[in-house]
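Here's the structure, in structure tokens; my notes come after.
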Amino acid sequence: MSDAYNPLSKVNLGKSVAEALLDREAHPLGELPAFEGAGIYVIYYDGDHPAYARLAEANAEAWTIPIYIGKAIPSGGRRGASVFSEIRGRFLHNRLREHAESVVAAENLDIDDFAARWLVVDDIWIPLGETLLIGKFQPVWNRMLDGFGNHDPGGGRRAGLVPMWDVLHPGRGWALKQQPREETASDLEARVIEYLDAQEFPEDAHIKFAPPGP
């Protein structure tokens, strides 16, 4: 009976978390309410940057295809605490606010073109839910254009290359202090377009994850 469906398996519990997130209401990324907790989130885009024309089309009537998916977990000693008690701290809110600040800093993005869904969840399920969502949607800022979620590495660590995200979307001050890379903004825009054109987008933001085979 190895093929018997187990609703309490890690994968199926992760699916329930991911589906619960997709059923949440989307909010403008620039108008986040304050809230406590850790969890997972998806970010959407429907602006006029030419690299993301397919995303803008897919999200024109409803937030359907994420541009980025991520997580916010409790710091150090608080990990695992939610098994026994509620996590206190705005881990998820602060992470989304950091992303909003990155968008605002970018010279060619508009915060009004972004929205987010999030789900506060026990931290033991956060990595699994995030992994399933990224695997399902393959967001371009996760899979192709790296660097959106990066932090300032600090003054003593400037030997790294400018993140690809900052080449295409310049504006974050700390990124300008990194080492230049060979790819130009035009190169990366072409890669993003090619990547998105090759994807098959689902039509429903609330798409359910396929159950295991018989």
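I124 and L133 fall within a single hydrophobic cluster, where Ile, Leu, Val, Met, Phe, Trp and Tyr are joined by side-chain heavy atoms under 4.5 Å apart, directly or via other members. Hydrophobic clustering places I67 together with V104 (ILVMFWY residues linked when any side-chain heavy atoms are closer than 4.5 Å, directly or through intermediates). Linking Ile, Leu, Val, Met, Phe, Trp and Tyr whenever their side-chain heavy atoms come within less than 4.5 Å puts V192 and F201 in one cluster. Residues I43 and F35 fall within the same hydrophobic cluster, defined by Ile, Leu, Val, Met, Phe, Trp and Tyr side chains chained together at heavy-atom separations under 4.5 Å.
Closest heavy-atom contact between S102 and W165: O-CH2, 3.6 Å. Nearest heavy-atom pair, L119 versus L92, reported as atom, atom and distance to 0.1 Å: O-CD2, 3.7 Å. The heavy-atom pair separating G149 from Y68 by the smallest distance is CA-OH, 3.8 Å. Scanning all heavy atoms of the two residues, the minimum distance from P163 to N150 falls at CG-ND2, 3.7 Å. Closest of all the heavy-atom pairs between A116 and L29 is CB-CD1, 4.1 Å. In plain terms, the two heavy atoms of A185 and L168 that are nearest each other are O-CD1, 3.5 Å.
Not a single donor-acceptor pair under 3.5 Å links the side chain of R24 to the backbone N or O of R117. Panel note: side chain Q179, backbone G160; no donor-acceptor pair is recorded below 3.5 Å. Formation of a donor-acceptor pair under 3.5 Å by the N59 side chain with backbone atoms of I65 is found in this model. Side-chain atoms of R95 never come within 3.5 Å of backbone atoms of G70 as a donor-acceptor pair (strictly under, hydrogens ignored). A donor-acceptor distance shorter than 3.5 angstrom exists from the side chain of D110 to the backbone of D112, with no hydrogens or angles considered.
To the nearest 0.5 Å, atom CD of residue E61 and atom CG of residue D46 are 11.5 Å apart. Taken from CD1 in I40 to CG in D123, the straight-line distance is 12.5 Å, to the nearest 0.5 Å. Between Y195 atom OH and L188 atom CG the span is 14.5 Å, to the nearest 0.5 Å. The CZ atom of R172 sits 9.5 Å away from atom CG of D152, with the distance rounded to the nearest 0.5 Å. Atom CD in E189 sits 14.5 Å away from atom CD in E183 (nearest 0.5 Å).
Between E57 and R54, no side-chain nitrogen of the basic residue sits less than 4.0 Å from a carboxylate oxygen of the acidic one, so the salt-bridge criterion is not met.
Within 6.0 Å of the CG atom in D197, the count of heavy atoms belonging to other residues, nucleotides or ligands exceeds 12.
R97 is not listed as a side-chain neighbour of R90, based on a closest heavy-atom distance of 4.5 Å or more. Between Q178 and D166, the closest side-chain pair of non-hydrogen atoms is not below 4.5 Å. Looking only at side-chain heavy atoms (C-beta outward), L21 and V121 stay at 4.5 Å or farther from each other. Counting only heavy atoms from C-beta outward, the side chains of L196 and L55 approach each other to under 4.5 Å. L32 is listed as a side-chain neighbour of W118, based on a closest heavy-atom distance under 4.5 Å. Between T64 and Y44, the closest side-chain pair of non-hydrogen atoms is not below 4.5 Å. Side-chain contact between L132 and K136 is absent, with no heavy atoms from C-beta onward closer than 4.5 Å. Residues P170 and N108 meet the side-chain proximity criterion, which asks for heavy atoms closer than 4.5 Å.
Defined by atom type and a distance below 3.5 Å, a donor-acceptor pair is present between the side-chain atoms of H151 and E98.
Note on ring orientation: taking the six-membered ring where Trp is involved, the planes of Y45 and F114 are tilted (angle from 30° to 60°). Between H99 and Y41, the ring planes lie tilted relative to each other; the angle falls in the 30° to 60° range.
With sequence neighbours excluded, no residue satisfies side-chain contact (heavy atoms from CB on, under 4.5 Å) with T131.
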Residues 138-148 side chain polar contacts: donor-acceptor under 3.5 Å, at least two apart:
residue, atom, partner, partner atom, Å
Q138, OE1, R143, NE, 3.1
Q138, NE2, I134, O, 3.4
Q138, NE2, G135, O, 3.0
W141, NE1, Y52, OH, 2.9
N142, OD1, I69, N, 2.9
N142, ND2, I69, O, 2.9

